[in-house]
Amino acid sequence: MNMVLLGPPGAGKGTQAGFLTTAYDLLHVSTGDMLRETVKEDSKTGREIAEYMNRGELVADSIVTRAVIERMSRPDAGAGVILDGYPRTRTQAESLDRSLKESGKSLDVVFYFKTSEDVAIRRLSGRRVCENCGRNYHVVNMPPSKDGVCDICGEKLFQREDDRPETVKNRLFVYGESTEDLIEYYRASGLLREVNGDTPAEELFEEIKALLLKESLI
Ligand code: AMP
């Protein structure tokens, strides 16, 4: 099963992707995580990418698309992928369709997390991430057992540079600019399923599972 999770930053896509990969044999492909890994390498490309990310702007389609397609061609993507944060534009959606077609694959479902702006802002401002395993927490909604420490691997939690209020505003603006076209694209394809991103994470997961079951995808 190949699935896309669409929605603004702070919609909870990463959290649901985490639940889904734990429950089913799917690979979580987060373009944000992949780009952050490239930034860590401290190369020229990494430094260029960091500038865009820290301003809350989109990284060039060509860079992101190449990385996603390469990741999806590896053996561990065989049982299917959850695309989180990709596509973000109609051009990316068209590139994805072309590449899936070339490799004899297709998308099965696109979940659109319709989320109110104040919920997204609250989630992003309270988000903390493990610097080692990447697991997400929230200071109020999903705190770790020990303050500032990851429950899974015991490493330190940090606040993402682009989760600061000034950048969050721009990320939501950039999302709003490109999203309508993208949602229409998937609505027209018949794959779009709308869920309420404001719903608490565990409850939303139950809803997503029920939808997948109804469509005989699990
Ligand atoms: P995320 O972790 O999904 O919130 O992404 C963090 C940042 O990575 C975004 O604000 C963009 O700068 C960049 N990014 C992630 N996915 C994409 C994409 N599909 N296209 C362009 N830029 C992206």
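Both counts, for ligands and for their atoms, begin at 1 and track the order of listing. Position 1 is the first residue of the sequence, and the numbers go up from there. These figures come from a predicted structure and were not determined experimentally.
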R164 side-chain N/O to E161 backbone N/O, donor-acceptor pair under 3.5 Å | yes
Which is it for R171 and ligand 1 at heavy atoms under 4.0 Å: side chain, backbone, both or neither?
-> side chain
Considering only heavy atoms of R160, which atoms of ligand 1 have at least one such atom less than 4.0 Å away?
-> 1 (P), 2 (O), 4 (O), 6 (C)
Location of contacts on R127 toward ligand 1, heavy atoms closer than 4.0 Å | neither
Are any non-hydrogen side-chain atoms of V110 and L6 less than 4.5 angstrom apart?
-> yes
One finds that the ligand 1 atoms under 4.0 Å from a non-hydrogen atom of T31 are 15 (C), 16 (N), 17 (C), 19 (N)
For ligand 1, which part of L58 has a heavy atom less than 4.0 Å away: the side chain, the backbone, both, or neither?
-> both
Without swapping roles, check the side chain of N132 against the backbone of E155 for a donor-acceptor pair under 3.5 Å.
-> no
Over-ring placement of R88 relative to Y86, 6.0 Å and 45° cut-offs | no
Inspect the contact between D162 and R55 and indicate whether a charged nitrogen and a carboxylate oxygen are less than 4.0 angstrom apart.
-> no
Check: T179 side chain, G176 main-chain N or O, donor-acceptor pair, under 3.5 Å | no
4.0 Å heavy-atom contact, K13 with ligand 1 | no
Test item: I121 and K169 side chains (from C-beta on) under 4.5 Å apart, heavy atoms | no
Counting from 1, what ligand 1 atoms have a heavy atom of L35 closer than 4.0 Å?
-> 8 (O), 13 (C), 14 (N), 15 (C), 23 (C)
Atoms in ligand 1 flagged as close to E57, the criterion being non-hydrogen separation under 4.0 Å | 11 (C), 12 (O)
Which residue from Q92, R88, M34, M53 reaches closest to atom 1 (P) of ligand 1 through any of its heavy atoms?
-> R88
N/O donor-acceptor pair under 3.5 Å between Y137 side chain and C130 backbone = no
Closest non-hydrogen protein atom to atom 19 (N) of ligand 1, residue and atom name please, with distance?
-> G85 O, 2.9 Å
Which ligand 1 atoms are under 4.0 Å away from a heavy-atom of R36?
-> 2 (O), 6 (C)
Give a yes/no on ligand 1: does R55 have at least one heavy atom closer than 4.0 angstrom to it?
-> no
Following the transitive rule for hydrophobic clusters with a side-chain heavy-atom cut-off under 4.5 Å over Ile, Leu, Val, Met, Phe, Trp and Tyr, establish whether Y112 and L20 coincide in one cluster.
-> no
Check whether any side-chain heavy atom of M3 lies under 4.5 Å from a side-chain heavy atom of V81, and answer yes or no.
-> no
For ligand 1, indicate whether the residue V59 contacts it via side chain, backbone, both or neither (heavy-atom separation under 4.0 Å).
-> both
Location of contacts on D162 toward ligand 1, heavy atoms closer than 4.0 Å | side chain
Taking N or O atoms only and a 3.5 Å limit, does D33 qualify as a polar contact for ligand 1?
-> no
